[in-house]
There are 4 protein chains.
Amino acid sequence: MSRTKGEESKRKLLQVAEELFAKKGYQSTKISEIVANAGLTQAAFYLYFKSKEDIFQQMLEDFDQQLIYLSDVGKKAVELSPKDVKSYVTNMFIQLFTVLGKNPNLTKIALQHATDSDRIRKKIVEQIANNMSNNQRFGIVKEEIDTWIAAESIVAVTERLVNRYLLTREKTEEELGEQVAQMFLSGILNHLKSGD
Amino acid sequence: MSRTKGEESKRKLLQVAEELFAKKGYQSTKISEIVANAGLTQAAFYLYFKSKEDIFQQMLEDFDQQLIYLSDVGKKAVELSPKDVKSYVTNMFIQLFTVLGKNPNLTKIALQHATDSDRIRKKIVEQIANNMSNNQRFGIVKEEIDTWIAAESIVAVTERLVNRYLLTREKTEEELGEQVAQMFLSGILNHLKSGD
Amino acid sequence: MSRTKGEESKRKLLQVAEELFAKKGYQSTKISEIVANAGLTQAAFYLYFKSKEDIFQQMLEDFDQQLIYLSDVGKKAVELSPKDVKSYVTNMFIQLFTVLGKNPNLTKIALQHATDSDRIRKKIVEQIANNMSNNQRFGIVKEEIDTWIAAESIVAVTERLVNRYLLTREKTEEELGEQVAQMFLSGILNHLKSGD
Amino acid sequence: MSRTKGEESKRKLLQVAEELFAKKGYQSTKISEIVANAGLTQAAFYLYFKSKEDIFQQMLEDFDQQLIYLSDVGKKAVELSPKDVKSYVTNMFIQLFTVLGKNPNLTKIALQHATDSDRIRKKIVEQIANNMSNNQRFGIVKEEIDTWIAAESIVAVTERLVNRYLLTREKTEEELGEQVAQMFLSGILNHLKSGD
DNA sequence: TATGAATGAGGCTTCATTCAT
DNA sequence: GATGAATGAAGCCTCATTCAT
């Protein structure tokens, strides 16, 4: 291992904090718990972080990094045959689950924190809404759809299912991606002829 | 007004607490703030509630009451013509928004609280999932749908849209109900022939 | 006693804090000591003061009040016969000792505190320097005297002697006033004819 | 340079500490600041000093050294003509300012420190008071003067003016020496015939 | 029905100091 | 001769809770 001892300690603190924040929320997580779980003393915490809020923000920065990969998700679906569109979109959902599911803790934390959740959620929602509006212009997405509502919905669903099924490993990204794609694409009900 | 002074004080505390819990979260809301906004002293708080957790639980009971009305939501869609099914389900979503939107604060609080959110969410999800499974048996809901995932999704979307659009009064229950019904029923994409 | 219990507690805390600040300095005085000496718990401290700095500032306000009385000290010595001038000035010094000596603790504290000492000292020095400049214009104070240096000196001496002899009750205001008047007025040495 | 690296480091630490102690006071100066300004680590500090108090004491020893030169200041003024006495004493004050002004930082620190200021101040005051008593026996210093009060006053004035005017380089030792000599020797007021 | 006054427990943070390398 | 990493002790402050009136 080429990491120094100090880097290792900081890494450990970040990791433990992430778990605890996700499990109990920011406020309810005490620094004393974090350091106890990391096998350090409270003073050591302040070697690496200026404050409790600081470790939180450092975690968010990591998360923000990961969100960059979202920008490509579902970019354009034009020029694809209907069949391809579906598999394309399904794939897009799988990607979404994969990106957020890669760090379910951070997803949960980031979207819960009073001060930051709005900013972060907006960032994700915006990307999806914009992609969707694009595809709406090409006639792929229905005109009647309010893309912001749809984007909010997609994010809400993803967030929830990540917490509910990925964190617990009850389902895989693929399973969830397919189910969600199905719901949002073809709907839930049978035999509904277009136009009703 | 036939309410005694004591009842009035308790009511006021509950109301103020609800607003603050919704705005700032349970942990970040101080009893000192609640009583200050209610025009009382801290000691008075303890005339009506055993603890901070207690006032929270009393609020949840109120919420649980309201959730009873959910039990009928979307009970059975059999015997309806496809067209009716759609309007029926749309209506069902509007009801869902109405019930949860009637007390957006409580919705937010209840589904956020670390200890209780699971229980409450489960209660709601369960009802919806069961109704859905029923309708699945009658061939109304697609076989491929995992009704629990779908129910979780519906609740997540509703919860989010209530917070995002009802709390701010940017949209009405009807608008949201229709959009959501549309998304979940007919999907988002155009021209998808059944079977792909 | 018409004071409420709360007022009494606050008064006690102020009094104890004053003694400790004077004895050990601001930084070295711990809130735990203040409350221990006042027979209260640490939490009680915060019923009356927002912070350690706050109790300090409230003490300074009291002191500032007392300094108002200084403004008259040594205002004008014109129109007095030389003999009267001397007794007038002696009296002025006695007043100075009396005002500062009335609250020797506050004098010490105020003139020690890093952030405030300059401001407060300046306030006192300014008054004295101005009075002196006035009397210089009337030919009472020697032309060669730099009134700011003289004022600083007078304050320094007073401050020191208050700490050294009044706090310990080794000397009275009158004794000190006379000695100081003598030193500054006629000097220390014998037989120095004017002009040497 | 014949100094070893270790000696150099120690010297640097002493110098930085002196500046910081003078600027911010003993308590408010953190070891972390000292070493940061000296370009060393905290652990290095303890190679040269047993504790924070230790570096302080070592600084005081240096100061004590310098105070030896004070012993001659104003030793005897006998056998001098009145005119000579004045210039002699003036000179004496200049020396006092020079000795203390040579290390204004140390002067400030030493006379501020809770535990040591009494001891050090006493040492200086004592020398001056003794010299003065001597000169009083020879009829040079007025009988009415309480030499201890006078000595305390002289030290207080010197201390203050060093801080106020020498540290800031607003005045020179000579200017201050003359002004102070004037004040204490001939007084501040004009035309006061001896005996009033 | 309410308040004024107080408290215990615990949280976050700082800082002088140590020790293995 | 110096550093990186860590710690123990203590300080300030907050907050839910209690109790006498």
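Residue numbering restarts at 1 for every chain, and letters A, B, ... go by the order of the sequence lines.
- Taking every heavy atom of residues 16-42 of chain B and every atom of DNA chain F, pairs under 4.0 Å involve B:Thr29, B:Lys30, B:Ile31, B:Gln42, by number.
- In terms of modelled atom types and a separation under 3.5 Å, the side chain of C:Lys108 and the main chain of C:Ala22 share a donor-acceptor contact.
- The environment of NZ in A:Lys23 is sparse: at most 12 heavy-atom neighbours from other residues, nucleotides or ligands sit within 6.0 Å.
- For C:Arg11, the CZ atom counts as loosely surrounded, since its 6.0 Å shell holds 12 or fewer non-hydrogen atoms of other residues, nucleotides or ligands.
- Atom NZ of D:Lys12 and atom C1' of F:dG1 are 17 Å apart (whole Å).
- Nearest-nucleotide assignment on DNA chain F puts the 5′-proximal partner with A:Lys5, out of A:Lys5 and B:Glu53.
- With E:dT18, F:dA16, E:dA6 as the candidates, the nucleotide lying closest to the side chain of D:Ala43 is E:dT18.
- Look at D:Glu159 and C:Arg160 and you find no salt bridge, because none of the NZ, NE, NH1 or NH2 atoms lies under 4.0 Å from a carboxylate O.
- In terms of modelled atom types and a separation under 3.5 Å, the side chain of A:Lys50 and the main chain of A:Leu47 share no donor-acceptor contact.
- Going from atom CD1 of A:Ile55 over to atom P of E:dG11 covers 16 Å, rounded to whole Å.
- What separates CZ of A:Phe49 from P of E:dT13 is a distance of 13 Å, to the nearest Å.
- More than 12 heavy-atom neighbours from other residues, nucleotides or ligands sit within 6.0 angstrom of NZ on D:Lys24.
- For E:dA6, the OP1/OP2 oxygens have a side-chain nitrogen or oxygen of C:Ser9 closer than 4.0 Å.
- Side-chain atoms of A:Ala44 lie closest to F:dT7 of the nucleotides F:dT17, E:dA5, F:dT7.
- Comparing E:dT7, E:dA2, F:dT3 by their nearest atom to the side chain of B:Leu47 picks out E:dA2.
- The phosphate of E:dA6 (OP1 or OP2) has a side-chain N or O of C:Tyr48 nearer than 4.0 angstrom.
- Side-chain atoms of B:Lys52 lie closest to F:dA16 of the nucleotides E:dA5, F:dA2, F:dA16.
- Residue A:Phe56 contributes atom CZ, which lies 15 Å from atom P of E:dC12 at whole-angstrom precision.
- Checked against E:dT13, E:dA5, E:dA16, the side chain of A:Ser51 finds its nearest nucleotide in E:dT13.
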Working for side chain to side chain contact (heavy atoms under 4.5 Å, CB included), residues B:Tyr46 and B:Thr41: CA-CA 10 Å; B:Tyr46 290 90; B:Thr41 62; over 6 Å; no
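- In terms of position on DNA chain E, the residue among B:Phe45 and A:Lys50 whose nearest nucleotide sits closer to the 5' end is B:Phe45.
- An OP1 or OP2 oxygen of E:dT14 is reached within less than 4.0 angstrom by no side-chain nitrogen or oxygen of A:Tyr46.
- Whole-Å rounding puts the D:Lys10 NZ to F:dA2 P distance at 13 Å.
- Between the side chains of B:Glu19 and B:Gln15, a donor-acceptor pair is found at a separation under 3.5 Å.
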Under the 3.5 Å Watson-Crick or G-U criterion, the dot-bracket string of DNA chain F, with | for inter-strand pairs: .||||||||||||||||||||
Test side chain to side chain contact (heavy atoms under 4.5 Å, CB included) applied to C:Gln58 and C:Asp54, step by step: CA-CA 6 Å; C:Gln58 292 202 28; C:Asp54 184 37; 3.5 Å; yes
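- Ring planes of C:His113 and C:Tyr26: perpendicular class, angle over 60° (limits at 30 and 60°).
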